[in-house]
Structures are given as C-alpha cells and as structure tokens.
Amino acid sequence: MARKFFVGGNWKCNGTTEEVKKIVTTLNEAEVPSHDVVEVVVSPPFVFIPPVKDLLRPDFQVAAQNCWVRKGGAFTGEVSAEMLVNLSVPWVILGHSERRSLLNESNEFVGDKVAYALSQGLKVIACIGETLEQRESGSTMAVVAAQTKAIAEKVTNWTNVVLAYEPVWAIGTGKVATPAQAQEVHLELRKWLHDNVCAEVAASTRIIYGGSVNGANCKELAAKPDVDGFLVGGASLKPEFIDIIKSATVKKE
Ligand SMILES: O=C(CO)COP(=O)(O)O
C-alpha cells in the first residue's frame, strides 16, 4: 500500500492576525500537487484555528499543536480533544520535543495523550526524536524506540497516526539531518513497528521528518524511500513552504 506524502506546517507560538491572513493567502494561491498526491496540514496556535479554518482552501487541513490528555473539565488553560472535534479540527500534533523538554511531558504522558485523542476521533502527528547528547552517545535508536513503545502500548489502531521523527538537534538550528541520517532512523523505526506492532502497520504508517527542513534541502530528503513527508517549523511561515509541498512529487531512490 502506497503511503501518501504528508507535509505539516507547525507554526508553533508565532503569528498575528495580519500575518496569519498573509500566510493563508499565500497557501490559497499556490499551485501544488493534488490531494491524491500530498496531504497538507497546517498547525496554527489555538487562537488562530477558527480564522484559519474559515479562510483556508478546502484541500488543506488544520491541526492543533496540543490537547489535554483526558476528557475536559477543571483543567485551567488546557484545550480538550472534544473541543477540537467540536470545531471540526481533524488533526493534532502531540509529543513535540519543545513540550517534552520545556513542559516535562514524559513518554507515558504522550502515549496517554495519543490514545485519548485517537479515541475521540482525532488524527495524530506523534513526535519523537533524540537530543544531540543522545545521538553522540549512540543511543538514538534506543531513545526513539522507547518513545514509540510508550505510544504503541496504548494504541491499537495506527490508521490515524503519523509518526514524526524530529531530532532535537535539528529543530530550529539550521542543522538539518542528512538524507542518509533521516533514512537510517526511519528505516529502523519501520523495522521496530514491524517487530513490535505488525507488518501491516510498518508498511502503511507514514514516518515524516522534521528539523530545519527548507525549500532547498527538501528534495534530497524526499527522495529517500522511508521519508514519507515533513513536519516543518520555521519554513512553514514562509512562501518556501510551497516548495516543500511540491517535493511530494520527487522520485524515490
Ligand atoms: O519542530 C519542528 C516542526 O515541528 C521543526 O522546526 P524547524 O523546521 O524550525 O527546525
């Protein structure tokens, strides 16, 4: 089964009303491959989700950047999965490294969030990735396997999960993983899914790369057989995001 290329734009904690309108206008005017070829999902901060949903072209979708781990209630400052569903927001990013490190979200907490969001009908972009220290000590695979295991233990149906491999040392640093580095980890992750979940999930789950992806480096990365798309930070706020979407048509090696 062919895996449809997936390009996500994580706007993080950026934007004003005017800037958001400008980005959406650029996206709406862009000529990109059809929805059969590439799935495009943009992720504005919560407060901008309603206006983005109203303005955005119908072939692009919207993701939240987080949601609460369980049913909503007395959790000041949180946004629940039910609220996202109520607003017809189809996707949510969970386990981003900025939340793992700055807000101490553990593997188990992220696993619980993924399971709860899925149970409410959301689709999930689940993020994993090692720090520079972990890479240099040779524990990359152990780290991403443990992060994936915490998700796999709580998830029975992977249909609505996209796995985003985002090495922490590559995020916002301009230091992109080489295509070979990305391919190596993606292939290992696929093997991990094969051995620990099942062959079907390993073959069908999209594993996307994130970390300093831009208009210039996306094609080489997209050519790798196990790179099924991107989760883009900084460049998703710029017109070059269109070039990244277009890399969906790059021929695989
Ligand atoms: O964290 C990221 C996407 O979630 C990547 O961010 P950058 O593309 O800015 O490195």
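Just so you know, ligand 1 is whichever comes first in the structure, and atom 1 is the first atom listed for that ligand.
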Considering the heavy atoms of [X], write down every atom of ligand 1 situated less than 4.0 Å from one of them.
X	value
H96	1 (O), 2 (C), 3 (C), 4 (O)
G211	5 (C), 10 (O)
L231	3 (C), 4 (O)

Handout entry: Polar atom proximity, G234 to ligand 1 (N or O, under 3.5 Å)
Key = yes
Handout entry: Among E253, Q181, Q183, the one residue meeting side chain to side chain donor-acceptor pair (under 3.5 Å) with K224
Key = E253
Fill in the blank from the handout: The side chain to side chain donor-acceptor pair (under 3.5 Å) partner of E105 among R99, H96, R100 is R99
Practice task
For F6, enumerate each residue passing the ring-ring contact (aromatic ring centres under 6.0 Å, His included) test, keeping only those at least two apart in sequence or located in another chain.
Solution key: W91
Practice task
Just jot down the ring-ring contact (aromatic ring centres under 6.0 Å, His included) partners of W158, sequence neighbours excluded, or say none.
Solution key: none
Problem - Interatomic distance, I49 atom CD1 to D54 atom CG [nearest 0.5 angstrom] - result: 12.0 Å
Problem - N/O donor-acceptor pair under 3.5 Å between N217 side chain and S212 backbone - result: yes
Fill in the blank from the handout: Min over G233, G129, G172, C127 of heavy-atom distance to atom 10 (O) of ligand 1 lands on G172
Exercise for the section: For atom 2 (C) of ligand 1, state which one of Q65, K175, E166 supplies the nearest heavy atom. Expected result: E166
Problem - For ligand 1, the portion of N10 having any non-hydrogen atom under 4.0 Å away - result: side chain
Problem - Part of A170 with heavy atoms under 4.0 Å of ligand 1, whether side chain, backbone, both or neither - result: backbone
Problem - Side-chain donor-acceptor contact under 3.5 Å, E82 with Y116 - result: yes
Handout entry: Protein contact of atom 6 (O) of ligand 1 - nearest heavy atom, named by residue and atom, plus distance
Key = K12 NZ, 3.2 Å
